[in-house]
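Comments concern the structure below.
In what follows, chains are A, B, ... by sequence order, proteins preceding strands, each numbered from 1. The shown structure was predicted, so the numbers you read here are calculated from the model rather than taken from an experiment. Hydrogens, waters and symmetry mates play no part in the numbers below; they use all other heavy atoms, side chains included.
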Protein chains: 4
Amino acid sequence: MARLPDQDPQLQPPAPGTRRRRAAPMDKAERRRAILAAALTVFARHGFAGARLDDVARQAGVAKGTLYLYFADKEALFRGLVEQNFAPVLADADAAIAVFPGSTRDLIDLVIAILSQRVIGTPAEALVRLMIAEGSRFPELAAFYHREVVSRALGIVRAIAQRGLDRGEITSDIAVRFPQLMISPAVVAVVWNGMFGSFDPLDVRAFLSAHRDLLLRGLGWRDT
Amino acid sequence: MARLPDQDPQLQPPAPGTRRRRAAPMDKAERRRAILAAALTVFARHGFAGARLDDVARQAGVAKGTLYLYFADKEALFRGLVEQNFAPVLADADAAIAVFPGSTRDLIDLVIAILSQRVIGTPAEALVRLMIAEGSRFPELAAFYHREVVSRALGIVRAIAQRGLDRGEITSDIAVRFPQLMISPAVVAVVWNGMFGSFDPLDVRAFLSAHRDLLLRGLGWRDT
Amino acid sequence: MARLPDQDPQLQPPAPGTRRRRAAPMDKAERRRAILAAALTVFARHGFAGARLDDVARQAGVAKGTLYLYFADKEALFRGLVEQNFAPVLADADAAIAVFPGSTRDLIDLVIAILSQRVIGTPAEALVRLMIAEGSRFPELAAFYHREVVSRALGIVRAIAQRGLDRGEITSDIAVRFPQLMISPAVVAVVWNGMFGSFDPLDVRAFLSAHRDLLLRGLGWRDT
Amino acid sequence: MARLPDQDPQLQPPAPGTRRRRAAPMDKAERRRAILAAALTVFARHGFAGARLDDVARQAGVAKGTLYLYFADKEALFRGLVEQNFAPVLADADAAIAVFPGSTRDLIDLVIAILSQRVIGTPAEALVRLMIAEGSRFPELAAFYHREVVSRALGIVRAIAQRGLDRGEITSDIAVRFPQLMISPAVVAVVWNGMFGSFDPLDVRAFLSAHRDLLLRGLGWRDT
DNA sequence: TATGAATGAGGCTTCATTCAT
DNA sequence: GATGAATGAAGCCTCATTCAT
């Protein structure tokens with residue numbers, strides 16, 4: 001089958017006879033990050049089953065065996081990817097939102113901004129796509145993702161909506177009952193650009209902005 | 001890696017000693033359908049790279065070599081899957097909507113109903129998930145899907161919205177500019193139930209119904 | 001590490017460019033035998049862990065993947081080896097001895113003859129060596145070997161000895177209590193020729209014959 | 001394949017957080033002994049090909065690289081194992097027997113006692129088993145073993161037997177012609193307990209004692 | 001046309017050996 | 001000398017594809 005080309009064609013295997021010097025020493029954490037970064041690229045491009053650890057190793061600049069010093073096997077590498085990449089975004093979002101003092105409208109904008117800046121167009125976006133693609137094949141990982149990422153994110157949304165209701169800024173409780181509705185367009189944007197971005201890109205910022213307008217109106221926004 | 005169990009444990013290999021008699025003869029079209037149906041199940045469960053043609057053949061009740069009489073290779077089988085399966089849904093939707101005489105509200109309900117009944121919870125849902133998962137790895141297929149399915153569906157949505165504007169039933173043109181917003185929740189519902197459905201299922205009907213309410217309000221619905 | 005050369009240096013890999021024709025068809029049983037025969041050679045030469053399935057396949061004249069149509073994995077192949085090779089010898093020995101009418105002396109000669117002709121110098125000899133070498137690493141297989149081969153063989157020896165006692169042909173019950181003593185030299189002969197046979201071969205026939213004499217005298221043989 | 005568990009489960013890797021302090025300094029000879037002792041354990045359990053130098057290093061309490069300061073490679077380590085470990089037993093046997101003044105019967109008892117106490121049930125037993133298992137794969141080592149251990153041991157047996165003949169203590173020269181017959185049961189005992197010891201152990205002392213009785217009678221023992 | 005045994009390239013993983021610290 | 005992270009060759013096994021029947 002025609003395989004998607006690997007990213008950097010300059011990273012050819014060294015000419016036979018030349019023997020690659022042992023990689024410059026990194027500390028463990030740095031090398032672990034390098035491996036995870038490479039894994040994200042390769043997994044995002046080829047999917048879990050289609051990814052070759054050979055490619056991950058090459059992109060990370062390490063030998064194949066080295067991967068196994070950091071991750072027990074391919075699946076553990078995937079798990080490491082998920083566990084490592086969502087934590088910072090989530091923590092930041094949690095922190096930013098928990099103490100937010102402004103109006104619900106501004107809060108929604110903040111969430112959208114966080115999504116736009118910390119997820120959309122970043123490696124995390126590829127990871128979201130990867131989770132969507134492979135989630136059903138990794139039930140434990142899906143559960144982890146649900147528990148650690150999704151339900152926390154939805155909790156935040158719910159809290160925002162509830163606060164808006166309490167303040168009288170909005171009148172509908174739909175967002176409390178179905179917080180997924182609030183982030184659906186973000187999901188779609190990620191999926192869309194993954195599939196069609198190359199020939200029919202979606203302007204995510206405008207798209208989410210329109211979503212915000214629709215949302216506020218739909219939720220019965222009134223200035224207070 | 002732990003592989004997901006195959007769907008129907010009753011489809012065990014026959015007990016040794018029993019010899020499955022040659023399947024009742026099918027004509028070509030029937031056999032092709034059987035293969036595609038089996039392929040949908042297997043691909044949906046394991047993804048493209050993870051699917052085994054052995055499993056497809058067994059589920060289709062044909063020999064492995066027979067697959068190659070109907071499809072050139074694994075990729076052609078996947079292509080056939082996508083190309084064949086969206087046609088009927090789309091045709092129905094097209095037909096139903098093109099001549100629809102009622103109000104925009106009722107039309108939205110109709111679309112939601114079609115989604116609910118013809119996609120959500122059916123094999124087509126698995127296909128959508130499969131496209132989301134593998135789309136970026138099959139650019140031609142993604143383009144085909146975009147051209148034949150997505151853009152047509154969005155065209156329908158756009159037409160509905162435009163008609164609503166023209167009739168004065170809604171006031172916002174957001175749905176004309178970003179028809180993706182209208183179907184985002186359906187996409188999310190499919191994705192959600194694929195990943196989390198086993199332990200936190202989403203009530204799709206209620207979810208889409210809430211979406212409709214939000215939408216109508218957001219679009220400035222007024223009875224005419 | 002210097003690896004023992006493979007048996008037949010004429011079985012080189014085919015020159016690149018030539019593509020070996022699909023092997024002449026054999027029926028399953030015949031091919032299974034070919035694989036087992038090759039496996040016996042390779043395992044006997046390199047031990048279980050040191051054997052390469054590549055070599056087994058080449059010697060059997062099949063492709064690597066074909067092995068897996070007949071045996072689930074390397075261990076199953078080893079198991080198949082043990083299970084297949086001991087059965088016939090054992091069955092024959094059982095049958096021959098069970099109805100033996102002659103004197104104990106002649107019976108001992110018969111057992112020695114069976115060992116000499118059916119084990120020593122045959123593939124089964126290599127298998128005995130292999131079991132001795134690898135037995136402790138395959139507890140289940142050792143248990144199988146003990147149950148199906150060793151304890152049956154010892155039972156036969158015991159029966160012979162008991163009959164000799166009953167008939168008054170011998171006076172010592174040592175062979176009933178420690179039948180292993182009767183076959184120890186055969187074991188040693190096999191081991192010896194495996195290790196030292198190439199530069200200090202043991203004349204097994206003379207060796208076992210001397211053992212018989214010693215044995216008869218030691219057991220208090222008297223003509224009756 | 002299911003790998004045999006490592007012997008001492010208390011030798012776990014240290015709990016994370018605890019950092020094993022550098023081992024108390026050993027001098028070279030001491031460290032060499034530690035490595036050989038560890039190697040004996042690991043090789044005996046897993047065979048040559050199956051042994052992991054990682055395990056040897058861990059059990060010896062040294063780093064993996066350190067092994068290579070003492071032995072050129074895995075094979076040299078194995079060689080060192082054999083060469084080093086037989087020396088002391090042999091020397092002792094040699095010394096004890098060379099000057100032995102008593103009767104042949106007592107001398108036989110002495111040899112059996114040496115075997116029982118210095119081989120059976122000791123690490124040397126494992127080494128014998130290891131030689132039996134791997135001997136044919138290491139011709140040089142087998143030759144060394146034959147020259148340094150086996151032929152010397154058989155020479156001793158032969159000398160004993162010859163002395164018995166000369167003294168008129170025994171009448172048969174079988175033991176002079178086939179000294180292997182004398183030690184066969186010891187070999188079998190070692191092999192037996194390696195394979196079946198866990199579920200059908202052989203009482204070596206009684207076994208060898210019975211062997212001695214049989215032997216003396218078979219050789220025509222008479223008190224002088 | 002249909003079959004399914006056979007093929008062999010290719011992937012994951014292990015582990016003997018090296019080498020910078 | 002000692003360390004242990006890094007290396008990469010090599011082995012087991014899978015599975016898309018072929019082909020003789």
Side-chain angles (χ1 to χ4, degrees), chain A residues 1 19-28 31 49-57 61-75 77, chain B residues 1 3 22-23 25-26 28 31 49-58 62-70 72-75 77, chain C residues 1 3 19-28 31 49-57 61-75 77, chain D residues 1 3 22-23 25-28 31 49-58 62-70 72-75 77:
Chain A
M1 172 202 146
R19 180 177 283 266
R20 189 149 53 94
R21 290 252 126 255
R22 184 166 290 221
M26 306 179 176
D27 62 1
K28 286 200 73 146
R31 184 152 291 196
R52 292 192 299 221
L53 294 189
D54 241 346
D55 290 342
V56 174
V62 301
K64 221 173 345 160
T66 304
L67 300 182
Y68 291 86
L69 299 176
Y70 291 84
F71 300 94
D73 56 17
K74 197 184 190 183
E75 193 172 338
L77 180 54
Chain B
M1 179 204 136
R3 193 184 169 79
R22 180 164 297 220
M26 304 179 178
K28 285 198 66 135
R31 187 158 290 199
R52 288 192 298 221
L53 295 191
D54 239 343
D55 290 343
V56 174
R58 185 164 39 252
V62 302
K64 215 175 355 164
T66 304
L67 299 181
Y68 289 84
L69 300 174
Y70 290 82
D73 56 17
K74 194 184 191 184
E75 193 171 338
L77 178 56
Chain C
M1 174 205 140
R3 192 183 170 79
R19 179 177 286 268
R20 191 148 52 92
R21 290 252 126 256
R22 185 165 289 219
M26 305 178 177
D27 60 2
K28 287 198 71 145
R31 184 152 291 195
R52 292 192 299 222
L53 294 189
D54 241 348
D55 290 343
V56 174
V62 301
K64 223 179 337 169
T66 304
L67 300 182
Y68 292 86
L69 299 176
Y70 291 83
F71 299 94
D73 55 18
K74 196 184 191 183
E75 194 171 337
L77 181 54
Chain D
M1 181 204 134
R3 192 184 169 79
R22 179 165 297 220
M26 305 180 179
D27 61 6
K28 285 198 68 137
R31 187 158 290 202
R52 287 193 297 223
L53 294 191
D54 239 342
D55 290 343
V56 174
R58 185 163 41 251
V62 302
K64 213 170 6 157
T66 304
L67 299 181
Y68 288 84
L69 300 175
Y70 290 82
D73 56 17
K74 195 185 191 184
E75 195 172 334
L77 178 55

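Scanning both residues, V62(D) and L67(D), for their nearest heavy atoms gives CG2-CD2, 4.0 Å. Taking each heavy atom of A49(C) and A49(D) in turn, the nearest pair found is CB-CB, 3.7 Å.
Residue-level contact check: K74(D) touches the backbone only, with heavy atoms under 4.0 Å from sugar-phosphate atoms and none from bases. Looking at heavy-atom distances under 4.0 Å, A51(C) makes contact with sugar-phosphate atoms alone, never a base.
Annotation: side chain of L77(C) is not in contact with side chain of K74(C) (no heavy-atom distance under 4.5 Å).
OP1 or OP2 of dA2(F) sits under 4.0 Å from a side-chain N or O of Y70(D).
Taking only side-chain atoms of D73(D), from C-beta outward, the nucleotide of dT17(E), dT3(E), dC12(E) with the closest atom is dT17(E). Closest to the side chain of Y68(C), from the set dT3(F), dT14(F), dT3(E), is dT14(F). Nearest nucleotide to the A63(D) side chain, out of dC13(F), dG4(F), dT7(F): dG4(F).
The distance between atom CG of L69(C) and atom C1' of dC13(F), rounded to the nearest whole Å, is 12 Å. The separation between K64(B) atom NZ and dT18(F) atom P is 12 Å, rounded to whole Å. Atom C1' of nucleotide dT14(E) and atom CZ of R3(D) are separated by 10 Å, given to the nearest angstrom. Rounded to whole Å, the distance from CG on L53(B) to P on dC15(F) is 10 Å. Following rounding to the nearest Å, R31(B) (CZ) and dT3(E) (C1') show an atom-to-atom distance of 10 Å. Rounded to an integer number of Å, the gap from CZ of R58(D) to P of dA5(F) is 12 Å. To the nearest angstrom, C1' of dA5(F) lies 11 Å from CG of D54(D). Rounding to whole angstrom units, CG of residue D27(A) and C1' of dA20(E) are separated by 16 Å.
Across the strands present, dA20(F) finds its partner in dT3(E); the criterion is a Watson-Crick or G-U wobble pair with both atom distances under 3.5 angstrom. Across the strands present, dC13(F) finds its partner in dG10(E); the criterion is a Watson-Crick or G-U wobble pair with both atom distances under 3.5 angstrom.
Along DNA chain E, the nucleotide nearest to L67(C) and the one nearest to A72(D) differ in position, and the one closer to the 5' end is contacted by L67(C). For G65(B) and A49(A), each mapped to the nucleotide of DNA chain E holding its nearest heavy atom, the one lying further toward the 5' end belongs to G65(B).
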What do the steps show when you test L69(C) against R31(C) for side-chain contact (heavy atoms from CB on, under 4.5 Å), and what is the final call? CA-CA 11 Å; L69(C) 299 176; R31(C) 184 152 291 195; over 6 Å; no
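The CG atom of L53(D) sits 8.0 Å away from the NZ atom of K64(D) when rounded to the nearest 0.5 Å.
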